[in-house]
Amino acid sequence: MKIVRVTYTTKAEYSEQNQSNIKNVMSDLQKQTHPGMLYHVCINPDGKTFTHTAFFKSEEDEKILLGLPSFKTFQEKLKASGPETPPKQELLSFVGSSKNIF
């Protein structure tokens, strides 16, 4: 299992567009069946700091997300927006969950 957390802060005026782009990615993922992936995004109370957390059962599951056209668009637009704090990626280790993930 691979767990990736990415955190960044957008400019305040870009936050709504970023949320819309994320919702497009989630919509595309929900239309498909990917039992080896759990991906969620949360926003901090400041309204512009985002935390993405993705659980991948395998490398192939990660490639599905990275190859998704809406995800590529999301990444390109985020980069072009000039975030206040650029994305920081961290690899996490799994300890436990209240529900089975995979």
Side-chain angles (χ1 to χ4, degrees):
M1 181 186 315
K2 181 176 183 181
I3 306 168
V4 181
R5 178 175 60 197
V6 178
T7 304
Y8 57 90
T9 302
T10 65
K11 293 177 182 170
E13 61 271 15
Y14 185 72
S15 178
E16 282 189 41
Q17 180 61 54
N18 195 58
Q19 291 178 59
S20 177
N21 295 341
I22 291 166
K23 288 175 183 176
N24 288 339
V25 172
M26 297 307 182
S27 176
D28 288 347
L29 287 173
Q30 289 171 4
K31 291 175 189 171
Q32 305 171 18
T33 303
H34 299 295
M37 179 191 323
L38 173 61
Y39 180 44
H40 60 86
V41 181
C42 299
I43 189 167
N44 286 19
D46 67 4
K48 60 183 184 173
T49 300
F50 293 81
T51 301
H52 298 237
T53 308
F55 293 73
F56 302 107
K57 189 173 183 179
S58 70
E59 253 184 63
E60 293 304 312
D61 294 308
E62 183 178 17
K63 288 178 184 176
I64 290 168
L65 176 64
L66 298 178
L68 196 65
S70 58
F71 186 76
K72 289 180 181 182
T73 299
F74 152 74
Q75 288 181 310
E76 291 165 2
K77 289 183 176 183
L78 175 61
K79 185 177 180 179
S81 76
E84 287 182 10
T85 306
K88 177 185 176 190
Q89 179 177 303
E90 299 174 285
L91 297 178
L92 306 177
S93 297
F94 184 75
V95 175
S97 174
S98 62
K99 295 185 179 193
N100 289 333
I101 295 175
F102 304 118

| Residues that Q30 engages under side-chain hydrogen bond (donor to acceptor under 3.5 Å, both in side chains), provided they are two or more places apart |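 Scan of Q30 (side-chain hydrogen bond (donor to acceptor under 3.5 Å, both in side chains), adjacent residues dropped) gives none.
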| N100: side-chain hydrogen bond (donor to acceptor under 3.5 Å, both in side chains) partners, not counting sequence neighbours | none
| request: Kindly indicate whether the side chain of V25, heavy atoms from C-beta on, has any atom under 4.5 Å from the side chain of L65. | output: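 A side-chain contact under 4.5 Å exists here.
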| query | Between the side chains of N18 and S15, is a donor N or O closer than 3.5 angstrom to an acceptor N or O? | reply |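 There is no such pair (donor and acceptor under 3.5 Å, judged by atom type) between the side chains of N18 and S15.
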| query | Counting only heavy atoms not in Q32, do more than 12 fall under 6.0 Å of its CD? | reply | yes
| task | State whether the number of non-hydrogen atoms from other residues, nucleotides or ligands found under 6.0 Å of E16 atom CD is greater than 12. | result |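 No, the 6.0 Å shell around CD holds no more than 12 heavy atoms from other groups.
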| message | Quick check against the 3.5 Å criterion: does D61 have a side-chain atom that pairs as donor or acceptor with the backbone of S58? | response |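 It does hold such a pair.
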| task | Give a yes or no on whether the backbone of D46 and the side-chain of N44 come within a donor-acceptor separation of less than 3.5 Å. | result |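 Not at all, since once roles are kept as given, no pair shorter than 3.5 Å links the two residues.
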| query | Under 30°, 30 to 60°, or over 60°: which ring-plane class applies to Y8 and H52, parallel, tilted or perpendicular? | reply | tilted
| task | Give me the ring orientation class for Y39 and F71: parallel if the planes are under 30° apart, tilted from 30 to 60°, perpendicular past 60°. | result |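 Ring orientation, 0 to 90° scale: perpendicular.
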| query | Does K63 pair with E60 as a salt bridge, N-O distance under 4.0 Å? | reply | yes
| So if you build clusters from Ile, Leu, Val, Met, Phe, Trp, Tyr with side-chain heavy-atom gaps below 4.5 Å, do V6 and I43 land together? |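 Same hydrophobic cluster.
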| query | Between N24 and S27, does a side-chain hydrogen bond (donor to acceptor under 3.5 Å, both in side chains) hold up when you go through it step by step? | reply | CA-CA 5 Å; N24 288 339; S27 176; over 6 Å; no
